[in-house]
Amino acid sequence: MEERYNAQGIEKKWQEFWDREKLFAVKEDTTLPKFYCLEMFPYPSGRIHMGHVRNYVIGDVITRYKKMRGFNVLHPMGWDAFGMPAENAAIKHSVHPSKWTHENIAYMKDQLKKMGLVYDWQREVTTCSPEYYKWNQWFFLKMLERGLAYKKASSVNWCPSCETVLANEQVINEGCWRCDTVVVEKDLEQWFFKITEYAEELLKDADTLGGWPEKVVTMQRNWIGRSEGVEVDFRITGSDRKLRIFTTRQDTLYGATFMSVAGRHPVIRELVKDKEIIRQIEALSDDPEEKQGVFTGCYAENPLTGERIPVYAANFVLMEYGTGAIMAVPAHDQRDFEFAKKYHIPIKAVIVPENTEGTENVAPDNQAFEDYGILIESGPYSGLSSEEARGKIAEFLEQEGLGKKVVHYKLRDWGISRQRYWGTPIPIIYCQSCGIVPVPIDDLPVILPEDVHISGKGASPLAETEGFVNTKCPRCGADARRETDTMDTFVDSSWYFIAYCLGGNHKVNFTPGLSTGESTPTLHLSQLSYWMPVDQYIGGIEHAVLHLLYSRFFTKVLRDLGLVRIHEPFKSLLTQGMVIKDGAKMSKSKGNVVDPDLLVEKFGTDTVRIFSMFAAPPERDLEWSDQGVEGALRFLNRIWTFIYKNHGVLSIRATGQLKDVSHLSASASQLLRKTHQTIKKVTNSIERDYHFNTAIAALMELVNETLAFSPSDEDEMDLLRYTVRQVILLLSPFAPHFSEELWREIGERHTLCNETWPSWNEDIAKDEEIELVVQINGKVRARTTIAAGLDDETVRESAFGDAKIQELIKGKTPRKVIVVQGRLVNIVI
RNA sequence: GCGAGAGUGGCGGAAUUGGCAGACGCGCUGGACUUAGGAUCCAGUGGAGUGAUCUGUGGGGGUUCGAGUCCCCCCUCUCGCACCA
């Protein structure tokens with residue numbers, strides 16, 4: 001055994017060993033309980049960063065722990081390999097995206113191995129390979145058949161920097177999710193996935209995501225944004241045209257004093273003929289701070305009162321939500337209130353707070369009254385509560401054919417077309433005579449051509465690649481053109497967790513999952529039903545509504561295609577915090593990055609792993625500290641040195657079972673107790689909430705006691721061997737190479753990876769003595785050591801027996817005495 | 001503005017159901033060993049006080065024998081959503 005702990009030599013050795021022995025390559029074994037541990041796969045940007053390290057070490061610790069607990073653990077890894085940066089690199093360095101991507105993957109895979117992360121590499125997926133993206137195309141066609149994929153022209157979010165369209169989820173604070181560039185609107189023909197078809201189920205099933213952080217579930221619920229209301233038709237005066245609005249506040253219908261429509265609402269084109277008005281409407285500002293409107297010259301009639309009210313075009317009404325038109329009730333909606341004030345439109349109050357004296361119509365001065373209350377001036381509904389009135393008015397509107405109850409969602413369909421090269425080609429052909437023709441399933445994959453010119457200017461490279469664009473129509477054989485947009489890369493990541501189950505890139509195949517009778521598909525993808533759902537998913541919170549919502553949607557679609565049985569892909573979700581340095585998120589632009597390669601070179605990966613897991617619980621931000629890393633190395637060094645110094649005693653293989661422990665010295669039985677307490681503490685910390693920081697702290701305590709212990713006879717040496725053995729086992733998920741090495745040094749011959757996690761004995765773990773705190777009026781006045789497990793009366797007596805306590809309560813009668821088992825006695829005087 | 005979360009030593013962070021605040025680590029102080037120490041080991045370390053003791057978990061109030069933990073009000077910070085009718 002080396003005198004000094006030399007991480008570099010050890011780590012390489014064991015990494016090669018784990019790799020060679022394929023210890024983490026798994027098969028479906030129905031006799032074992034399964035555990036699917038998954039981390040969000042990386043984009044192969046070039047190098048692993050500390051955020052990845054933290055994410056993947058968490059998953060690796062869980063994997064190793066669960067394996068020791070007897071689970072058949074699937075822990076795969078892959079590459080989210082399509083995307084913009086590869087194209088940017090191509091433009092900047094004249095290297096083909098494919099070459100750039102594959103070189104990055106090779107380098108990063110090596111980095112992952114150097115971190116001691118163990119994956120089933122046989123199941124690796126790389127989304128830019130045709131074997132993989134073929135299935136993106138296959139899903140697209142299946143969804144097309146079911147009406148879940150469709151093409152439409154619409155106003156879309158356009159990132160001028162990425163020169164492509166973004167889905168709504170991908171616009172963060174009006175900027176591009178990738179580059180922050182302010183997004184502009186653009187009208188384009190786009191392919192969409194009909195995620196709205198699943199809005200209700202996505203919302204309802206959010207209730208079943210018990211293993212997810214509440215915050216993420218809430219964000220998804222808000223994103224889906226369900227609201228119940230009514231659509232009501234307002235007849236336009238002097239026209240057959242009706243203006244349909246959506247409202248959730250039909251109880252305020254009697255208070256509508258005008259209407260507002262979006263600037264792009266079709267009614268404007270149909271009914272507004274005045275050029276000057278049209279010009280003004282087009283000139284409306286899109287500044288959200290300032291409400292602006294233009295009177296269209298039209299009037300509409302309130303279906304309940306027959307009242308004639310003006311119709312405005314207003315800049316704050318969204319064409320995309322509801323019907324693009326609203327009834328405006330300034331007394332009870334703050335936006336309408338501000339608008340009415342600005343344009344001197346009457347404000348009519350129809351709701352008053354409950355318990356209001358009198359029923360006089362008080363128009364509000366400063367702001368709208370938006371709460372529910374009691375209706376006034378509302379014909380037959382006056383006096384009702386808002387809740388009652390909402391129901392009754394909705395029913396009345398339906399009966400009279402004036403409107404209907406509807407549910408609207410904020411969620412919109414997922415636009416998946418991207419005007420970029422490095423992505424999955426959309427398998428569609430445009431034919432002059434046949435129109436839009438799907439590529440026949442047997443012709444898949446539509447291969448992304450490699451010989452393209454990527455200039456970064458003008459149209460998408462695919463559109464300029466004649467050999468790709470020009471094709472024959474599969475139906476009529478005439479000359480035709482291929483779709484040149486590619487798919488959003490979020491399509492790739494929406495099912496990669498399923499690809500792992502099927503064996504990775506080369507083995508993915510869904511066709512056997514479908515029977516010939518499409519209406520009742522039989523399920524025989526047994527691998528999928530064995531592994532899914534993911535038991536523990538780990539990744540950043542930035543995907544709260546992006547990847548995590550798309551994946552849920554895809555899982556439901558795949559279920560409806562008969563490919564999986566489950567309704568939700570991820571049973572538990574852990575969103576790890578950011579890695580912070582000097583108070584800011586690590587980033588190149590801030591210049592506060594720590595390079596994992598350098599760290600591993602200097603300290604060894606086990607030290608980095610220990611520090612990352614120790615410095616903060618996983619869900620919180622982690623403040624990086626170079627000195628903290630040194631502390632982690634010191635911890636490992638102390639264990640190493642101790643085992644080195646006691647090698648003679650420790651290298652005799654322990655049996656794992658202790659002989660007679662009844663006659664151990666006080667210090668020895670204390671160590672035995674501490675050992676069992678530590679096993680319990682570490683196990684519970686991991687099981688309860690993966691709080692590895694407290695698990696490692698407990699281990700440090702045990703190590704401190706172990707190092708202070710010197711055995712006095714053969715039985716106590718046995719105890720020491722036993723304790724050291726437990727320490728190594730408990731440490732092994734966190735510092736696997738270090739532990740594996742020491743495991744051999746203490747005489748073990750087989751790999752730690754296949755060992756069983758230690759268990760504790762509750763009787764041994766129990767303290768024999770406790771320190772009893774004696775309080776007077778809630779203040780600590782004395783401490784005394786007593787035997788554990790005494791009855792209340794005895795505990796009480798020993799409290800009163802304390803000399804200091806007797807002194808303090810002399811001549812006074814306690815009014816009350818509280819005894820807390822195993823903890824304290826409080827005497828109230 | 002709305003929603004969610006957080007606020008504990010010099011720092012990162014501990015603290016089952018309300019029951020010894022500050023585990024563990026970093027840093028710091030003193031000492032040992034040493035040619036040397038930015039290695040290692042030992043001791044100490046919330047604040048005030050020579051001391052008994054007092055005080056202390058963002059601020060204020062409350063419930064309780066007892067509050068970091070429960071309730072009410074306020075302040076600060078972080079994150080998410082932001083004209084969604």
Side-chain angles (χ1 to χ4, degrees), chain A residues 4 172-174 213-219 221-223 225-227 229 245-250 252 259-260 286-291 314-318 320-329 332-336 338-339 370 408-412 541-542 544-545 577-578 580 610-611 614-617 619-632 634-635 637-638 641 681 684-685 688 691 693-704 707 770-780 782-783 814-829:
Chain A
R4 317 212 90 212
I172 313 287
N173 290 333
E174 293 168 34
E214 192 52 41
K215 179 189 171 76
V216 176
V217 179
T218 304
M219 281 168 73
R221 284 199 188 105
N222 292 342
W223 188 261
R226 183 184 201 272
S227 64
I245 61 103
F246 173 66
T247 182
T248 56
R249 290 301 300 273
Q250 56 271 27
T252 65
M259 305 193 72
S260 300
D286 53 6
D287 174 9
E289 290 300 305
E290 193 196 355
K291 292 191 177 30
N315 68 337
F316 65 92
V317 179
L318 305 172
E320 300 79 22
Y321 184 76
T323 61
I326 58 168
M327 67 166 187
V329 185
H332 304 295
D333 181 287
Q334 186 60 22
R335 296 158 300 183
D336 297 342
E338 285 166 29
F339 194 90
E370 295 189 321
H408 276 289
Y409 300 90
K410 263 174 67 181
L411 181 71
R412 316 227 188 105
I541 188 124
E542 65 273 16
V545 284
M578 291 183 299
I580 304 285
I610 291 275
F611 174 74
F614 175 66
E619 70 280 4
R620 291 247 291 250
D621 285 350
L622 171 77
E623 175 84 31
W624 194 262
S625 154
D626 293 333
Q627 286 165 329
V629 179
E630 283 170 27
R634 211 170 297 158
F635 169 59
N637 272 332
R638 292 195 315 138
T641 306
K681 181 86 201 294
N684 287 343
S685 286
R688 210 191 325 152
H691 276 199
N693 56 328
T694 52
I696 293 172
L699 261 171
M700 286 173 168
E701 280 189 59
L702 176 60
V703 167
N704 290 343
L707 267 52
I770 56 150
E771 189 181 49
L772 182 72
V773 169
V774 187
Q775 296 182 332
I776 291 176
N777 293 340
K779 297 205 179 224
V780 180
R783 295 159 196 275
R815 284 196 289 129
K816 197 170 176 183
V817 178
I818 293 107
V819 179
V820 182
Q821 265 300 323
R823 292 184 194 274
L824 58 73
V825 174
N826 188 14
I827 301 164
V828 186
I829 55 176

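Values below: all heavy atoms of this structure, side chains included; hydrogens, waters and symmetry mates excluded. Protein chains get the first letters and strands the later ones, always in sequence-line order, with residue 1 at the start of each.
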Counting any heavy atom closer than 4.0 Å, what does [X] reach on the DNA or RNA strands: base, sugar-phosphate only, or nothing?
X	value
A/N826	base
A/V317	base
A/R412	base
A/E320	nothing
A/G322	nothing
A/K779	sugar-phosphate
A/T641	nothing
A/R815	nothing
A/D621	sugar-phosphate
A/N637	nothing
A/R688	nothing

Under the salt bridge (Lys or Arg N to Asp or Glu O under 4.0 Å) test, which residues partner [X], sequence neighbours left out?
X	value
A/E542	none
A/K681	none
A/R249	A/D251

I'd like the [atom1] distance from [M] over to [N], given in whole Å.
N	M	atom1	value
B/rA14	B/rA36	C1'	38 Å
B/rU63	B/rC72	C1'	11 Å
B/rA21	B/rG58	P	16 Å
B/rG1	B/rC74	P	13 Å
B/rA67	B/rG18	C1'	6 Å

_Pairing donors with acceptors under 3.5 angstrom, does anything connect the side chains of A/T248 and A/S227?_
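No, no side-chain donor-acceptor pair sits under 3.5 Å.
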*Aromatic plane relationship, A/Y321 with A/H408 - under 30° parallel, 30 to 60° tilted, over 60° perpendicular*: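 The arrangement is tilted - the two ring planes meet at 30° to 60°.
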*For A/W223 and for A/M700, locate the closest nucleotide of RNA chain B by heavy-atom distance; then report the residue assigned to the nucleotide nearer the 5' terminus.*
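By nearest-heavy-atom nucleotide position, the 5'-most residue is A/M700.
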*Could you tell me which residues satisfy side-chain contact (heavy atoms from CB on, under 4.5 Å) with A/V773, sequence neighbours excluded, listed by chain and number?*
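A/Q775, A/V780, A/R783, A/L824.
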*What base-paired stems does RNA chain B take part in, with at least 3 consecutive Watson-Crick or G-U wobble pairs and both distances under 3.5 Å?*
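Listed by first number, the stems are B:1-7 with B:75-81, B:10-12 with B:24-26, B:27-32 with B:40-45, B:46-48 with B:53-55, B:58-62 with B:70-74.
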*asked:* Need two values: the first and the last nucleotide of RNA chain B, 5' to 3', having an atom under 4.0 Å from any heavy-atom of chain A.
replied: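 Listed 5' to 3', the contact boundaries are B/rG12 to B/rA85.
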*Examine A/F614 together with A/F635 and report whether their ring centres are nearer than 6.0 Å.*
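So the answer is no for these two rings.
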*A/R335 to A/D333 - nearest heavy-atom pair and separation*: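 Smallest interatomic distance, heavy atoms only, reads NH2-OD2, 2.7 Å.
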*Give the minimum heavy-atom separation between A/T252 and A/H332, together with the two atoms involved.*
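Taking A/T252 first and A/H332 second, the nearest heavy atoms are CG2-CB, 4.0 Å.
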_Tell me if B/rG9 is syn or anti. Syn = glycosidic torsion within 90° of 0, anti otherwise._
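B/rG9: syn.
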